Amino acid sequence: MSKSQRTLSKKATFHIHFFFRRFPALPYIFKWLFISIIIGLLAGTASAGFLVSLEWVTQFRESHIWMITLLPVAGFLIGLLYHYWGKDVEAGNNLLIDNIHNPNEIIPLKMAPFVYLGTVATHLFGGSAGREGTALQMAGAIADQLTRPFKLTRNDRKVLIIAAIAAGFGSVFGTPLAGAVFGLEVFLIGRIRYNAIFPAFASAIFADLTTNIWNVKHTHYHIDFIPKLDFLPILYSISAGIIFGICAATFSRIIHWAGSVFKSRIKYPPFRPVAGGIIIAIAVLILDTTRYIGLGIPVIAESFESQLPFYDFALKMIFTIITLSAGFKGGEVTPLFFIGATLGSALSLFIPLPFGLLAGMGFVAVFAGATNTPLACILMGIELFGAECGVYVAIACVISYLLSGHNSIYSKQRIGEPKNSRFQNQQDHSVSDFL
C-alpha cells in the first residue's frame, strides 16, 4: 500500500469514527433493525400458520359437532403432554414476563410446538380460548433462540423478549402499533421500557407485513355511527368504562380462583382438563349451541350489527374460565374481546350510545382492564375501528384500567407505578401478591 493510500485509509477511518460519535444511536439501530427483521419474519410466519390452522379446525369442528364429546380426551392428552414433557414451559405468557424481569435460562424452543398443538386441539374439540397466548409464546420461544448466536447480553435479552411479544401480538391481530405498545406495557404496570421502543415497533411491523405476505386475512369490524363529542356522550362513556373495568377485574379474579380450585381438588394434573372438558361438553349439549366455544368471531361481529342480550357475555366468561383454568391451551384475549363487545352491545339497552360504538369500546376496554395495557388498547381501537372513535375508546380504556385495580390475567406482571397514590407501598410487587 502506497503512502497516499494509507493516508486515504486513515482519513476514511477517522470520518467513520467521527460519524458514529456524532450519531451514537446508529449502531443500536442497525443491530436491532437486523434482529427485528429476523424476529418479524419468524413470528409473522408462525402467526400465519397458526391462524390458518385455527380457521381450518374451527370450520371442521362446526361441520362435525360430535367432536365436542371428545374434548375430555383431548384435555387428557394435553395434560399428559405438559405434565411429563412440558413442565418447564407450562407457565406460558407468565414465563415470558418473568424472563423480562429476571432473564435466566433461554426459553426452551419446545414451548412453540407444545402451545401450538395444545391450542389447536383445544379449538378443534370445542374449548373456549383465544389465540394471543399462543402467538406470544411461539414468538417468544423462537426469538429467544437468537440469544446465543448473536451473543446478546442480559439486558439485550430483555429487549429481545419484549420485541418478540410485540411481534406475536401485532401479527396475530393485524395491529402492529398496538402490538408494539403491548410488548412495552404488559410486563410492568404503569411504566414503559423506552430502550425497547425501536425493536418493539420494528418487530411488530415486520411481523405484520410477513403475515400479510402469507396472504392471511384478519377480521375487520365497523362502527356505523359515532356521535359528536359532547358532555353527555362523554359522561355515558365514563359510565360504560366503569362497568367494563368491573367486568375485567371480575374475570381476572375468577380465572385465578378457578385455577386454584382445579389444582386443589384434582391432584393429578392431566385429569384437570378432563374434568373441565366434561363440563364444557355437557354445557354445549344442554344449551344446544356452539356460540360460546372457540374464538367466537361471528358473535363479536354480530355485536357491532345488533343489540345482544346480557347473558352472552356472562356465558362466554364462564366457558372461557372453565376451559383455561382447567389446563387447556390458548389465550384469554379474544374471549375478552367477545366478553367486552357483547357486554357493550347489551349496555346500549340503558346507556344511550350506539350499540356498535359501545361494542367497540367494550372490545378493547375489558381487555385493557384485564391486562393493564390501556395505551395498547387505545391504539388497537383506533387501528381496528378508525380514529373517529378514538376519544370514546380512550375514555373507556383508561377508566377500565383504573377501575380494575391491581388485578390481571398475567400473575407475573409487576407494579411499576401504582394506579392510586395511596398504594405507593405496592410498587415493585407482583400482581400475584394481590390475588
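Since the model is a prediction, treat every value here as computed from it, not as a measurement. The figures here come from the full heavy-atom set of this structure, side chains too, leaving out hydrogens, waters and symmetry mates.
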| request: Measure up the Y292 and F319 rings against each other and bin them: parallel (under 30°), tilted (30 to 60°), perpendicular (over 60°). | output: tilted
Item to complete: Check whether any side-chain N or O of R157 sits under 3.5 Å from a backbone N or O of T147 as a donor-acceptor pair, and report yes or no.
Response: no
query = So does Y268 have more than 12 non-hydrogen atoms from other groups sitting under 6.0 Å from OH?
reply = yes
Parallel, tilted or perpendicular: which one describes the rings of F169 and F182, with boundaries at 30° and 60°? parallel
- Query: Would a distance-only check, ignoring hydrogens and angles, find a side-chain to backbone donor-acceptor pair under 3.5 Å from Y401 to K419?
  - Reply: no
* Asked: Under 3.5 Å, is there a donor-acceptor pair between the side chain of E388 and the main chain of I226?
  -> no
Checking L308 against F355 for the side chain to side chain contact (heavy atoms under 4.5 Å, CB included) test, could you report, in this order, the C-alpha distance in whole Å, the side-chain angles of both residues, the deciding distance, and whether it holds? CA-CA 9 Å; L308 297 184; F355 56 77; over 6 Å; no
* Distance-only, no hydrogens or angles: does the S303 side chain make a donor-acceptor pair with backbone N or O of F338 under 3.5 Å? -> no
Exercise. What do the steps show when you test F363 against V393 for side chain to side chain contact (heavy atoms under 4.5 Å, CB included), and what is the final call?
Worked result: CA-CA 9 Å; F363 185 107; V393 163; over 6 Å; no
task: Name the orientation class of the two ring planes belonging to F310 and F313 (parallel below 30°, tilted from 30 to 60°, perpendicular beyond 60°).
output: perpendicular
Please determine if K158 forms a cation-pi arrangement with F187, meaning its NZ or CZ atom is less than 6.0 Å from the six-membered ring centre and no more than 45° off the ring axis. no
> Within the distance-only criterion (no hydrogens, no angle test), does the side chain of T210 pair as donor or acceptor with the backbone N or O of G44 below 3.5 angstrom?
Replying inline: no
Between P270 and the options L80, L77, L81, the side chain to side chain contact (heavy atoms under 4.5 Å, CB included) test singles out L80
Exercise for the section: Using modelled atom types only, decide if a donor and an acceptor are shared between the side chain of Q413 and the backbone of V186 within a distance under 3.5 Å. Expected result: yes
Problem set entry | Polar side-chain atom of S348 near backbone of S345 as donor-acceptor pair, under 3.5 Å | yes
> So F114 and Y82, would you call those rings parallel, tilted or perpendicular, with 30° and 60° as cut-offs?
Replying inline: perpendicular
Rounding to 0.5 Å, atoms CG (L336) and OG1 (T320) come to a distance of 7.5 Å
Do any N or O atoms from the side chain of R61 and from the backbone of H123 form a donor-acceptor pair under 3.5 angstrom? yes
When you measure from the side chain of T342 to the backbone N and O of I339, does any donor-acceptor pair fall under 3.5 Å? yes
Exercise. So, does N99 use its side chain to make a donor-acceptor pair with the main chain of L95 at under 3.5 Å?
Worked result: yes
So OH of Y116 and CZ of F50: to nearest 0.5 Å the spacing works out to 8.0 Å
